[in-house]
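All remarks here apply to the structure that follows.
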Amino acid sequence: MIKEKILKLAKVLNTFTVDEMVTVLEETENQIGHYIESLVQANCLKKVSEKQYLYLKNPNNRLLQQKLKFEALLNTYNEEYKIRVLEEISSSKLMGEYLKYQPKTRQKIEKNLVLFRLTENLNNKEFRSFIISWNQRYPDQRVLRCDTNLRNTYNNYGLRKFLEKFSSKSLPKHALLGIYFPQFINMYFSKKAPSVEVCLDKLKLDFLKNQKRIEGNYFPDYKFFIKKLNSEFMPEEIEYNRSYKRRSVCSITFQEAAFEYLNKIRKEKSFKTYKSYSCHIKKYSFPFFQNIKILDITPEIFNIFILTLNKEKHSTITIRSIINHTLNIINLYCQLSRRDLNVNIKNEKAKKQIRVLTDKEVSTLLAISQQMYPDVYAFISTILSTGLKQSEILAISWDKIDFKNKRILIDGYYFDKKIKSYTKKGFIRYIEISDNLAEVLKDWKNKYPKNWKYVFVTKASDITKNFTRNRLNPITQRAGIENLLLDNLRDTYVVNQIKQNISIIYIAQQLGYTSAEYVCRRYKSFLEKYTIQLSSTQNCLEII
């Protein structure tokens with residue numbers, strides 16, 4: 001606060017002395033002199049003579065003033081301030097509803113409420129930058145996500161609407177739409193073909209019966225259903241499913257047969273499966289076949305279709321699924337066996353290019369991630385030091401790290417929201433870690449002592465494979481590294497190992513490969529460039 005006052009007075013006076021500041025601020029000369037020296041080092045003031053100073057119009061003054069403002073807010077927070085803020089809940093009529101929440105939800109409400117009251121004079125942009133300094137000062141109460149929408153709800157509508165956001169009973173409007181939309185489709189595409197209003201009236205009655213179970217919501221307007229209907233179904237598909245016209249086999253087109261096939265899938269399988277099937281058919285099969293009659297589709301035409309898919313450089317799995325769906329549509333009315341198809345599926349998709357980060361890019365990436373997200377900093381450091389896959393890193397628990405011998409046991413991986421153990425003994429291995437990585441992991445463990453079982457997540461059920469994506473993008477943007485993938489960090493690890501004349505067999509074991517052949521093939525250009533004189537490398541190069 002004193003620094004801000006000195007800067008404001010210096011901006012008005014332009015030139016001033018220490019005695020003038022003492023008379024205005026009523027502080028001791030030693031204190032004001034100490035603050036002025038810190039501002040001189042920050043290039044905000046310039047010393048003209050022994051006692052006279054000059055105000056500098058530095059563009060960084062704005063950032064410094066913001067930093068000083070954040071420091072003042074952080075210094076005002078203490079336990080007494082927290083108690084005073086939480087009195088708002090205890091003194092209101094909402095205390096009974098608040099006590100119904102689980103302890104974890106109550107802790108989240110208290111943490112957000114204290115933050116919002118502390119930063120009520122900051123805008124959303126300043127609030128996001130304040131979160132970074134908040135996490136550095138108070139790591140035990142760190143906030144992983146800057147929820148500005150929740151903050152705006154509290155500032156605009158008060159405590160009641162704020163608490164409703166945490167209600168486990170209330171569902172957002174789009175959740176109700178997701179619950180009732182498949183039922184609406186089944187009714188709307190039935191043989192009776194009722195209107196939209198009739199379908200929604202029946203669903204609304206069902207909603208009113210279950211209102212106790214889904215409390216605190218209102219039924220979505222019919223406009224939401226129509227908008228979702230038009231976004232997921234083609235106009236021809238809607239007309240076909242509601243008319244139920246059955247034409248002769250000789251005149252039916254591929255498009256009409258596809259609508260019938262999708263209608264069958266929608267009734268037999270889940271709505272998510274129907275959406276994935278319809279996406280492949282409408283995106284790839286429709287543009288090629290268009291209005292071709294089913295009986296006119298010959299093996300030669302179908303082989304041309306496969307060639308076009310190969311030229312578009314799709315993955316093998318995608319091409320096979322598209323071919324299977326298209327054949328199922330055709331086989332509804334005529335038989336086209338796979339033996340008639342002479343063209344093999346060739347995956348001409350370009351391999352992932354090897355991208356190696358420079359030493360400068362690695363240092364900036366680590367520095368910015370350490371400043372913004374310490375957990376991502378430890379995660380990136382682990383990949384750069386070991387070359388492990390993301391699924392293997394997410395499965396590491398603290399009991400698998402041996403800090404004395406400096407190694408990590410890799411015996412499982414993360415897949416489908418579960419930690420699974422390796423069945424083959426070849427994949428179970430010990431990974432050696434460097435002294436630097438051991439210190440980083442120790443700091444990460446000591447900084448956030450929350451008794452986590454896993455190194456980077458609280459529970460196995462909370463793991464999401466893309467948990468770094470939302471935080472890796474802002475880090476790379478600030479570092480000036482575009483389109484960075486986690487595989488690029490693995491490439492950087494391998495190339496750095498090759499530069500240090502490390503054995504290819506050792507690198508393959510670290511990466512989790514049973515043989516070194518794949519490593520030699522992928523990084524052949526780097527092996528030839530750095531001309532490593534190792535027997536294992538020469539043997540692998542001879543294999544290639």
Side-chain angles (χ1 to χ4, degrees), residues 1-5 7-8 42 44 58-89 92 94 98 101 104-167 172 367-377 447-448 450 458 464 467-480:
M1 295 297 289
I2 298 174
K3 285 184 180 181
E4 290 180 1
K5 290 179 181 179
L7 281 175
K8 287 180 181 179
C44 298
N58 192 349
N60 293 327
N61 281 350
R62 186 177 178 184
L63 296 174
L64 180 65
Q65 289 177 2
Q66 189 181 41
K67 188 177 180 181
L68 294 173
K69 188 193 293 185
F70 290 170
E71 286 181 1
L73 291 174
L74 292 170
N75 291 330
T76 55
Y77 172 73
N78 51 29
E79 288 297 326
E80 294 178 0
Y81 182 85
K82 184 177 179 180
I83 292 168
R84 276 189 275 113
V85 170
L86 296 179
E87 284 178 358
E88 182 182 355
I89 300 176
S92 66
L94 303 171
Y98 171 74
Y101 294 128
K104 288 185 179 180
T105 309
R106 271 185 262 168
Q107 290 177 4
K108 192 174 181 180
I109 290 171
E110 292 172 1
K111 183 170 61 176
N112 284 319
L113 192 61
V114 170
L115 257 178
F116 298 159
R117 285 290 297 273
L118 190 66
T119 59
E120 56 188 359
N121 294 326
L122 302 179
N123 56 30
N124 286 338
K125 188 176 181 181
E126 291 175 338
F127 175 71
R128 292 190 193 97
S129 54
F130 176 78
I131 291 298
I132 299 171
S133 55
W134 171 271
N135 290 338
Q136 291 175 355
R137 178 72 69 87
Y138 303 108
D140 296 335
Q141 302 180 25
R142 65 194 303 267
V143 179
L144 295 177
R145 185 181 176 186
C146 305
D147 200 345
T148 53
N149 293 328
L150 190 64
R151 182 171 179 260
N152 293 334
T153 302
Y154 173 70
N155 293 334
N156 297 330
Y157 301 104
L159 186 63
R160 181 178 291 277
K161 286 284 185 183
F162 171 74
L163 290 177
E164 285 179 1
K165 292 286 185 180
F166 293 92
S167 176
I368 292 171
S369 61
Q370 187 178 15
Q371 183 182 3
M372 294 179 67
Y373 305 111
D375 54 343
V376 180
Y377 166 71
K447 203 168 186 180
Y448 300 100
K450 296 183 179 180
T458 54
T464 55
F467 89 105
T468 54
R469 182 176 295 173
N470 296 331
R471 287 177 282 172
L472 189 64
N473 289 337
I475 292 171
T476 53
Q477 287 176 4
R478 188 172 291 187

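Note that this is a predicted model, so its numbers are computed, not measured. These values consider heavy atoms only, across backbone and side chains, with no hydrogens, waters or symmetry-generated copies. Residue indices begin at 1 and follow the sequence shown.
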Point-to-point distance, once rounded to the nearest 0.5 Å, from [atom1] of [X] to [atom2] of [Y]:
{"X": "Leu86", "Y": "Glu110", "atom1": "CG", "atom2": "CD", "value": "5.0 Å"}
{"X": "Gln370", "Y": "Ile368", "atom1": "CD", "atom2": "CD1", "value": "11.5 Å"}
{"X": "Asn135", "Y": "Phe130", "atom1": "CG", "atom2": "CZ", "value": "9.5 Å"}
{"X": "Leu118", "Y": "Phe127", "atom1": "CG", "atom2": "CZ", "value": "9.5 Å"}
{"X": "Leu122", "Y": "Phe116", "atom1": "CG", "atom2": "CZ", "value": "12.0 Å"}

Mind checking side-chain hydrogen bond (donor to acceptor under 3.5 Å, both in side chains) for [X] and listing every partner two or more places apart, or none if nothing turns up?
{"X": "Glu126", "answer": "none"}
{"X": "Tyr154", "answer": "Glu88"}
{"X": "Arg478", "answer": "none"}

**OP:** Only counting residues at least two apart or in another chain, list the ones meeting salt bridge (Lys or Arg N to Asp or Glu O under 4.0 Å) with Arg137.
**Re:**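 For Arg137, no residue satisfies salt bridge (Lys or Arg N to Asp or Glu O under 4.0 Å) once neighbours in sequence are set aside.
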
Who are the side chain to side chain contact (heavy atoms under 4.5 Å, CB included) partners of Glu87, not counting sequence neighbours?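 Partners of Glu87 under the side chain to side chain contact (heavy atoms under 4.5 Å, CB included) test: Ile83, Ser90.
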
Contacts of type side chain to side chain contact (heavy atoms under 4.5 Å, CB included), residue Gln107, not counting sequence neighbours: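 Checked Gln107 against side chain to side chain contact (heavy atoms under 4.5 Å, CB included); zero matches.
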
Is there a side-chain contact between [X] and [Y], using heavy atoms and a 4.5 Å cut-off?
{"X": "Trp134", "Y": "Thr119", "answer": "no"}
{"X": "Asn121", "Y": "Leu73", "answer": "no"}
{"X": "Ile475", "Y": "Tyr377", "answer": "no"}

Check: Between the main-chain N or O of Val114 and the side-chain N or O of Tyr77, is there a donor-acceptor pair closer than 3.5 Å?
Finding: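 Pair absent, no side-chain N/O of Tyr77 close to backbone of Val114.
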
